[in-house]
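Report on the structure given below.
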Amino acid sequence: MKISNDILYVGVNDHDIDLFEGHYIVPEGMAYNSYVVNGGKTAVMDSVDGHFTDEWIGNIKGVMDGKSPDYLVIQHMEPDHSGSILGFMKEFPEAVIVSSQKAFTMMANFFEGEEFADRRIVVKEGDTLELGSHTLSFIAAPMVHWPEVIMTYDSTDKVLFSADAFGRFGALDVIGETSRDDDDWACEARRYYFGIVGKYGMQAQAVLKKAAALDIQAICALHGPVLVDDLGYYLGLYDTWTKYESESKGVVIAYTSVYGNTKKAVELLAEKLEAKGVPAVEVTDLARDDIAEAVEDAFRYDTVVFATTTFNNDIFPFMKEFINSLTERNYQNKRLAFIENGSWAPQAAKVMKSMLEGCKNMTYAEHDVKIVSALSDESRAQIDALADELAAAYR
Ligand code: FEO
């Protein structure tokens with residue numbers, strides 16, 4: 001793939017991976033992106049996962065016309081990008097690594113003390129690397145997604161190499177090489193963002209502000225398609241996500257149910273919300289559905305209903321994991337409601353509220369629902385009242 005006459009794609013697709021970062025299902029596989037920038041001198045932008053070293057080096061050689069690359073720019077040291085650094089440095093003994101000081105410290109830790117003392121250029125915010133007809137400028141992007149991260153701007157072709165930011169799950173031979181071919185960018189980019197970078201919205205927002213000062217024609221992330229055309233759409237979504245603003249109006253109902261009674265309450269509430277014209281109602285079974293998708297939805301929509309059972313004097317484990325996944329990502333700015341079930345001493349609502357109490361700018365629905373074992377006239381009436389209250393906000 002050609003990003004421009006001088007910038008070529010040399011990344012790889014991974015269809016063997018079961019869980020990305022040991023955590024996220026990737027039914028469409030995963031791409032580890034890498035690019036060659038040729039300005040007379042050449043820079044390779046990032047390496048790839050160590051299972052793909054040979055394929056990646058083959059891709060680089062395939063676009064180098066027999067020359068050796070001069071530089072390897074390392075923007076991020078997580079092993080999905082740093083895993084082939086040693087192989088590259090062995091294959092191209094004249095090449096020099098360009099990276100942040102923190103990244104070189106990480107190299108020493110990952111590579112048994114090897115930090116390329118004689119083959120490195122340390123860069124920081126505002127530094128540049130002259131390649132001839134191209135100049136690369138470096139932008140510090142700490143915590144997007146690790147502290148050593150830098151992004152890189154090519155002022156000649158106006159390309160932003162954005163490290164993990166603007167990444168998406170999916171191999172490029174499935175989802176398309178550029179955003180023009182990718183119909184589902186927002187869904188999988190949102191799951192990726194909130195799962196992987198979501199805790200660091202403030203830091204990502206600071207980098208977006210720096211990016212706003214640049215003339216950008218294409219965004220080359222480390223995962224997912226190259227973003228071209230209508231970049232305002234992608235930048236706008238990232239602005240919303242990094243500010244923890246709700247992107248869509250609607251209610252997410254996240255539940256666990258042991259014997260189906262809590263599920264019946266959830267289904268009844270969903271039916272009523274839909275009947276009352278709530279713009280979107282998303283129901284997720286936390287024990288069976290992808291929790292990263294549930295986290296994504298909880299950040300996307302403005303209202304979340306948590307429904308679970310009292311369990312071991314606490315709450316059901318999948319709900320506990322879900323709420324922890326939200327709070328550790330600085331969950332905020334939502335309207336919340338609760339359905340609890342308990343056969344002798346229901347206390348799930350109290351536990352869930354206490355887990356969420358440190359979150360900023362939350363409003364709580366007036367009407368909670370308490371189920372004692374199974375639905376009753378009383379709990380059905382509470383569901384009616386909750387549905388009325390939640391739906392009223394969308395009228
Ligand atoms: Fe794609 Fe944070 O590594």
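Everything quoted here is computed from the prediction, not taken from an experiment. Indexing begins at 1, ligand by ligand and atom by atom, following the structure's order.
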Query raised in the report: Is the centre of the F92 ring less than 6.0 Å from the centre of the F88 ring?
Result: yes
Query raised in the report: What about Y238 and Y193, are their ring centers closer than 6.0 Å?
Result: yes
Check [Y] with [X], please: is the shortest side-chain N to carboxylate O separation under 4.0 Å?
| X | Y | answer |
| --- | --- | --- |
| E282 | R300 | no |
| K210 | E125 | yes |
| K276 | D388 | yes |

Requested in this report: Enumerate the protein N/O/S atoms at a distance below 2.8 Å from atom 2 (Fe) of ligand 1, ignoring waters.
Outcome: H76 NE2, E78 OE1, H145 ND1, D164 OD2
Report task. Could you note down all residue pairs passing side-chain hydrogen bond (donor to acceptor under 3.5 Å, both in side chains) where residues 347-374 supplies at least one of them, sequence neighbours left out? Result -> N313-Q347, N333-N361, E340-K370, S343-S373, K353-D368, H367-E389
